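Report on the following structure.
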Number of protein chains: 4
Amino acid sequence: MEINRRSYVPLHIQLADILRRRIRAGDLAAGSTLPTEHQLATTYGISRDSVRKALAVLRSEGVVMTTRGEGTRVRAVPERRRIALGPGDEVVIRMPTPEERAEIGIDEGVPLAVISRPGEPDEIVPADEVKFTGGGAPQ
Amino acid sequence: MEINRRSYVPLHIQLADILRRRIRAGDLAAGSTLPTEHQLATTYGISRDSVRKALAVLRSEGVVMTTRGEGTRVRAVPERRRIALGPGDEVVIRMPTPEERAEIGIDEGVPLAVISRPGEPDEIVPADEVKFTGGGAPQ
Amino acid sequence: MEINRRSYVPLHIQLADILRRRIRAGDLAAGSTLPTEHQLATTYGISRDSVRKALAVLRSEGVVMTTRGEGTRVRAVPERRRIALGPGDEVVIRMPTPEERAEIGIDEGVPLAVISRPGEPDEIVPADEVKFTGGGAPQ
Amino acid sequence: MEINRRSYVPLHIQLADILRRRIRAGDLAAGSTLPTEHQLATTYGISRDSVRKALAVLRSEGVVMTTRGEGTRVRAVPERRRIALGPGDEVVIRMPTPEERAEIGIDEGVPLAVISRPGEPDEIVPADEVKFTGGGAPQ
DNA sequence: GTGGTCTAGACCACG
DNA sequence: GTGGTCTAGACCACG
């Protein structure tokens with residue numbers, strides 16, 4: 001699993017692929033911190049800039065999370081709690097605006113679920129913390 | 001609505017904010033083409049690189065879509081078709097892997113809905129084309 | 001075997017790959033004429049310019065041969081005649097200069113073999129028409 | 001040594017000729033970097049596209065080598081090591097497939113020598129790094 | 001700031 | 001009607 005400079009695949013995409021695979025394989029465990037950008041650059045023989053782009057890709061996928069001054073960690077995928085939808089309920093999925101991200105405290109690369117129930121204000125939750133099912137109480 | 005060089009907010013984030021607002025306001029209509037990267041750079045007095053970063057932000061939000069050689073267009077948000085969930089059905093939302101993106105032909109910044117119904121193979125759809133409701137037929 | 005616009009592989013490289021495979025498979029036989037540039041562009045849904053680049057790639061590999069006003073044909077690979085090298089003989093391979101190409105009447109993408117035998121003038125032959133072996137008469 | 005727009009010789013061929021001559025004359029030394037595409041376009045009063053085509057010609061001849069983000073350099077022709085062929089040995093020259101190019105790490109415009117010796121697996125080497133002679137040990 | 005890809009569209013040369 | 005040349009101009013990847 002190495003960088004191939006003759007490939008048409010951009011270096012940062014190659015690195016993102018490698019890291020994604022290492023994460024899936026458990027080699028980089030959920031919650032663990034990735035090597036520093038500098039280390040990754042040295043290890044894989046690419047520029048730090050390409051490393052940063054690779055991490056941005058993984059962030060936008062919700063795979064890792066970067067905290068300034070601390071590093072990049074593998075996002076621990078939360079347990080999903082079940083939400084039952086009744087006949088009149090409606091759920092729409094979309095990406096958050098940056099303001100919503102800040103407000104709700106949602107990580108980059110995590111979609112939003114907007115749950116509308118008749119007679120109630122909309123509820124907005126990070127879509128990776130829930131799963132939806134039918135069979136909720138009818139209104 | 002201008003770039004403020006004294007602000008701590010990065011220039012590309014400022015530009016992304018400005019463009020997002022112009023899009024919401026209808027100043028940049030759905031389906032319309034944004035000014036070229038070069039024009040945006042000149043108009044707002046920032047580097048083309050910052051412009052590119054701003055566009056990457058909007059792409060990852062599913063707000064715009066870039067086609068090589070053609071330009072960047074405001075994504076037309078599709079009509080959402082309604083999907084009713086029965087008691088045993090389950091929906092999980094997540095971001096697609098790059099392979100899924102390629103396979104399903106899904107734009108950047110668009111989440112995925114995985115619909116599991118008992119006795120049927122999982123169905124995977126772009127989450128911005130659907131909305132979910134309860135009251136589906138029980139299995 | 002289709003063009004994948006989401007791939008990082010350039011369109012013209014993808015088309016070159018497709019055509020190379022069709023040629024190897026015998027679907028496009030040696031000596032046969034390829035579809036016109038326009039037809040290829042329409043068939044594969046890319047611009048004529050990308051088609052032209054794909055053909056240039058195949059030409060530089062000696063796989064096809066283009067004649068103005070006639071079209072592009074699959075090169076018939078010639079039988080290779082055997083040349084035996086003696087102890088003092090020497091063979092150097094290189095790409096021809098354009099003048100040599102014109103002079104010797106050699107197709108694009110075909111290397112040149114320069115055979116030096118003691119006491120004789122150098123012999124220059126298209127390298128795809130010969131194969132070399134040892135065991136030639138010593139000088 | 002200038003571009004002649006009245007000539008029937010295509011502009012990019014004229015430029016390729018000019019650059020080839022400058023390289024042969026040592027004006028552009030082996031290993032040195034050519035002017036940027038933009039500079040060449042300005043210097044010779046042609047479009048960047050014609051410049052790019054001229055460089056593609058020189059690349060396919062193995063005369064120059066382009067590295068993305070760095071520029072185009074005059075290829076340093078390597079020393080050729082001598083390979084002696086015995087009576088049963090056989091050498092065939094051909095252009096590499098793109099996969100072989102990637103695998104062997106061979107530059108564009110460099111032919112391949114396939115050396116078959118009885119009882120041994122084929123050996124594949126860049127043809128510009130070797131020269132062949134007879135008089136090898138018989139098998 | 002480097003080279004790379006892609007497109008559209010103009011006109012040219014050849015058979 | 002074939003392929004060939006040439007340009008302008010867009011975005012992309014990398015350092």
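Note that this is a predicted model, so its numbers are computed, not measured. To find a chain, count down the sequence lines: A is the first, B the second, and so on, and within it residues start at 1.
- Mapping D:G71 and C:S50 onto DNA chain E by nearest heavy atom places D:G71 at the nucleotide closer to the 5' end.
- We find that CD1 of C:I13 is positioned 13 Å from C1' of E:dC6, with the value rounded to whole Å.
- Mapped onto DNA chain F by nearest heavy atom, D:P10 and D:R68 fall at different nucleotides, with D:P10 at the one closer to the 5' end.
- The distance from atom NE2 of C:H38 to atom P of E:dG9 is 13 Å, rounded to the nearest whole Å.
- With DNA chain F read from its 5' end, the first of the two nearest nucleotides for C:E70 and D:G69 is the one closest to C:E70.
- Atom CD of C:E37 and atom P of E:dA8 are 15 Å apart (whole Å).
- At a cut-off of 3.5 angstrom, the base of F:dG4 holds at least one donor-acceptor pair with the side chain of C:R48.
- Pairing for E:dC14 goes to F:dG1, judged as Watson-Crick or G-U wobble with the two contacts each under 3.5 Å.
- The side chain of D:T67 places no N or O atom within less than 4.0 Å of a non-bridging phosphate oxygen (OP1 or OP2) of E:dT2.
- Residues A:I93 and B:P111 come closest through the heavy atom pair CG2-CG, 3.9 Å.
- Take the nearest nucleotide of DNA chain E for D:Y8 and for C:I46: the residue whose nucleotide is more 5' is C:I46.
- As rounded to whole Å, 7 Å separates atom P of F:dA10 from atom CD of B:Q39.
- Panel note: side chain B:S50, backbone B:I46; no donor-acceptor pair is recorded below 3.5 Å.
- Of the side-chain N and O atoms in C:H12, one or more sit less than 4.0 angstrom from OP1 or OP2 of E:dC6.
- Between the C1' atom of F:dA13 and the CG atom of B:L55 lies a distance of 15 Å, rounded to the nearest Å.
- Taking CG of A:L34 as the reference point, atom CZ of A:R73 lies at 10.5 Å (rounded to 0.5 Å).
- At whole-Å resolution of the value, CG in D:L40 and C1' in E:dG3 are 12 Å apart.
- At the heavy-atom level, A:L11 lies under 4.0 Å from the strands shown only through sugar-phosphate atoms.
- As a whole-Å value, the separation of C:M65 CE from F:dG3 P is 14 Å.
- When the side-chain nitrogen and oxygen atoms of C:R5 are compared with OP1 and OP2 of E:dT7, one or more of them lie within a distance under 4.0 Å.
- Checked against F:dG15, F:dC12, E:dT5, the side chain of A:D49 finds its nearest nucleotide in F:dG15.
- When only modelled atom types and interatomic distance are considered, C:T72 and C:T66 share a side-chain donor-acceptor pair under 3.5 Å.
- Here the OG1-CG distance, from D:T97 to D:L112, works out to 8.0 Å after rounding to the nearest 0.5 Å.
- Nearest nucleotide to the D:K53 side chain, out of F:dC6, F:dC11, F:dA13: F:dC6.
- Nearest nucleotide to the B:T36 side chain, out of F:dG3, F:dC14, F:dA10: F:dA10.
- Between C:R52 atom CZ and E:dG9 atom C1' there is a gap of 14 Å when expressed in whole angstrom units.
- Each of A:R24, A:R75, A:R20 was compared with A:E61 under the salt bridge (Lys or Arg N to Asp or Glu O under 4.0 Å) criterion, and only A:R20 meets it.
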